[in-house]
Amino acid sequence: MESQVKQDIRALSLEELISFFESIGEKVFRAKQVYNWLWKNNVFSFSKMTNISKTTRVILEKKFIINNILIDLQQKSKDGTIKNSVKLHDGLLVESVLIPTKKRITACISSQVGCSLDCSFCATSLLKRMRNLNPDEIYDQVVAIDKQSMLYHKRSLTNIVFMGMGEPLMNYKNVLLAIKKITEPESLGMSPRRITLSTSGIPKMIKKLADDKVKFGLAISLHSARQSIREQIMPFTKNFPLDDLMDSLLYWYKKVNKSVTFEYIIWKGINDQNEDIVSLINFCKKIPSKVNLIQYNSIGNSKFIQASKSKINEYKNALEKANITVTIRHSRGQDIEAACGQLANKINEFSRAQ
Ligand code: SAH
């Protein structure tokens, strides 16, 4: 008897779709047409694929479904930031954010439902990892934000950052497949140079990125260049010491010739001592890099209090004196809890309600 479970057609690569078309005696270019409907025109119903014969459409209907995401809730901040609560085909929720500035429109997107890591300052870590996102679920967040960008800002999305929920390197295969779709001319055709993957730093996977010769940027959530401190705030790093992280970053630099960005939050009494600054400078000097000092968004854990402005400036000046490029990233969308590390609140309520 024929299996009743339909496969998600958007989980197939173009090559796999072509093989399927060949297996039913259809021409290769028909597979390409269907692929275009799915990925270029974002059509989510076989009946709308008007250049495909009725007979083929019936075969496709029988064998496949077309999964797509739904924007469940859209919240707009007074600074123009839009936070989307995204419902997946199985009812789970993730969040993705549109961040407008004068020069750029950036999409901050999620790679997992929840997160497998345990950074104690991040709201997403309060949710355990429920599952990885599929490539199309990652891609669809970008398409949805691109549409919002056109609608509200009359221009296309310019940049993508994997700084939403989840650890992208723990969902390596799907994240890379999604980026392939985002960048290939048959779909969105965005330049990989406009994409940044942010990771807590998993050395083995950073080396894999280098071996795969990726063309997008890499940002590391460092937050401390002292192993003992880093372990306290990001306990999983006990298994991924800073020496191994640096080793993988040097490997990355050697293979792809791209500098890295270190993301760093300064907290009162945690990493605001002179020793912390010196360790950061020494760490940065080992590799072409820049530092992004991030504003801390409170998640209601009183242990973490953002350092004072003067302390942040002290850090900035010390880094600059050591010839290290440093920027200060101000938070956006705080009034709707769309800022980094805050992307879990509604979802938390949702899972509590289950
Ligand atoms: N897991 C990945 C991507 C998600 S976090 C990573 O760790 O990089 C994206 C960025 O937000 C990281 O730099 C992270 O350190 C930062 N972040 C997490 N919680 C935060 C908070 N409460 N305030 C400000 N930034 C936060």
Side-chain angles (χ1 to χ4, degrees), residues 81 83 94-97 99 106-129 132-133 138 141 159-172 174-175 178-179 195-203 205-206 209 216-225 229-230 232-237 240 245 248-249 260-268 270-271 280 289-307 312 327-345 347-348:
T81 301
K83 179 168 85 165
V94 290
E95 293 182 326
S96 51
V97 186
I99 308 157
T106 303
C108 173
I109 57 173
S110 296
S111 55
Q112 296 182 311
V113 188
C115 189
S116 27
L117 304 180
D118 51 9
C119 308
S120 44
F121 49 85
C122 178
T124 309
S125 75
L126 301 172
L127 306 168
K128 58 180 190 313
R129 189 195 75 94
N132 285 338
L133 293 192
I138 298 170
Q141 294 174 63
N159 293 70
I160 299 172
V161 292
F162 281 83
M163 292 185 189
M165 301 176 79
E167 169 48 54
L169 293 189
M170 297 290 237
N171 184 15
Y172 188 92
N174 291 352
V175 165
I179 292 178
I195 301 174
T196 303
L197 184 147
S198 174
T199 171
S200 295
I202 297 155
M205 303 317 285
I206 292 173
L209 284 177
F216 49 82
L218 184 63
I220 308 291
S221 299
L222 189 64
H223 306 308
S224 177
I229 306 288
R230 200 159 185 259
Q232 279 171 36
I233 55 180
M234 303 164 82
F236 77 93
T237 61
F240 305 112
L245 177 60
S248 70
L249 293 176
V260 292
T261 301
F262 293 121
E263 297 162 279
Y264 203 99
I265 305 172
I266 311 167
W267 292 286
K268 210 169 156 183
I270 293 182
N271 57 357
L280 177 61
S289 55
K290 68 169 191 184
V291 174
N292 203 344
L293 295 175
I294 307 178
Q295 186 182 329
Y296 177 56
N297 303 307
S298 176
I299 60 156
N301 180 344
S302 56
K303 198 176 125 195
F304 293 99
I305 298 165
Q306 159 116 348
I312 297 173
T327 49
I328 297 183
R329 188 170 83 207
H330 296 285
S331 203
R332 306 291 306 269
Q334 266 181 316
D335 55 330
I336 53 166
E337 293 183 325
C340 286
Q342 292 187 310
L343 296 179
N345 300 316
I347 285 149
N348 223 354

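Count residues from 1 along the sequence. Both counts, for ligands and for their atoms, begin at 1 and track the order of listing.
- Geometrically, ligand 1 and R329 share no nitrogen or oxygen pair separated by less than 3.5 Å.
- Numbered from 1 in the order shown, with element, the atoms of ligand 1 that lie under 4.0 Å from a heavy atom of S200 read 1 (N), 6 (C), 7 (O), 8 (O).
- The minimum heavy-atom distance linking S198 with S221 is given by the pair OG-OG, 3.8 Å.
- Taking each heavy atom of G201 and P203 in turn, the nearest pair found is O-CD, 3.4 Å.
- Listed by atom number, the atoms of ligand 1 under 4.0 Å from H223 heavy atoms are 14 (C), 15 (O).
- Here is the list of ligand 1 atoms found below 4.0 Å of a heavy atom in S221: 6 (C), 7 (O), 8 (O), 12 (C), 13 (O), 14 (C), 15 (O).
- Shown here are the side-chain contact (heavy atoms from CB on, under 4.5 Å) partners of S120, two or more places apart in sequence or in another chain: I233, K303, F304.
- When non-hydrogen atoms are compared, ligand 1 lies under 4.0 Å from neither the backbone nor the side chain of I220.
- Side-chain contact between L133 and S111 is absent, with no heavy-atom pair separated by less than 4.5 Å.
- The side chain of E263, and not its backbone, has at least one atom closer than 4.0 Å to an atom of ligand 1 (non-hydrogen atoms only; side chain from C-beta on).
- Any N or O atom pair closer than 3.5 Å counts here, and N297 shares at least one such pair with ligand 1.
- Judged by distance alone, the side chains of T199 and E167 do bring a donor and an acceptor atom under 3.5 Å apart.
- Here the side chains of I179 and I160 are not in contact, with every heavy-atom distance at 4.5 Å or above.
- Close contacts of ligand 1 with Q295, meaning ligand atoms under 4.0 Å from a residue heavy atom, involve 24 (C).
- Those atoms of ligand 1 with a heavy atom of F162 less than 4.0 angstrom away are 3 (C).
- Interface of G166 with ligand 1, defined as ligand atoms under 4.0 Å from a residue heavy atom, comprises 1 (N), 2 (C), 3 (C), 4 (C).
- For the pair F121 and ligand 1, the shortest N or O to N or O distance falls below 3.5 Å.
- Those atoms of ligand 1 with a heavy atom of G164 less than 4.0 angstrom away are 4 (C).
- L117 pairs in a side chain to side chain contact (heavy atoms under 4.5 Å, CB included) with only one of the listed residues (Q112, R129, M170, M234), which is M170.
- For the pair T261 and T327, the minimum side-chain heavy-atom distance is 4.5 Å or more.
- Here the options are Y296, Y264, W267, the test is ring pair (Phe, Tyr, Trp, His ring centres under 6.0 Å), and the partner is F121; only W267 passes.
- Set against the non-hydrogen atoms of C122, the atoms of ligand 1 under 4.0 Å away are 18 (C), 19 (N).
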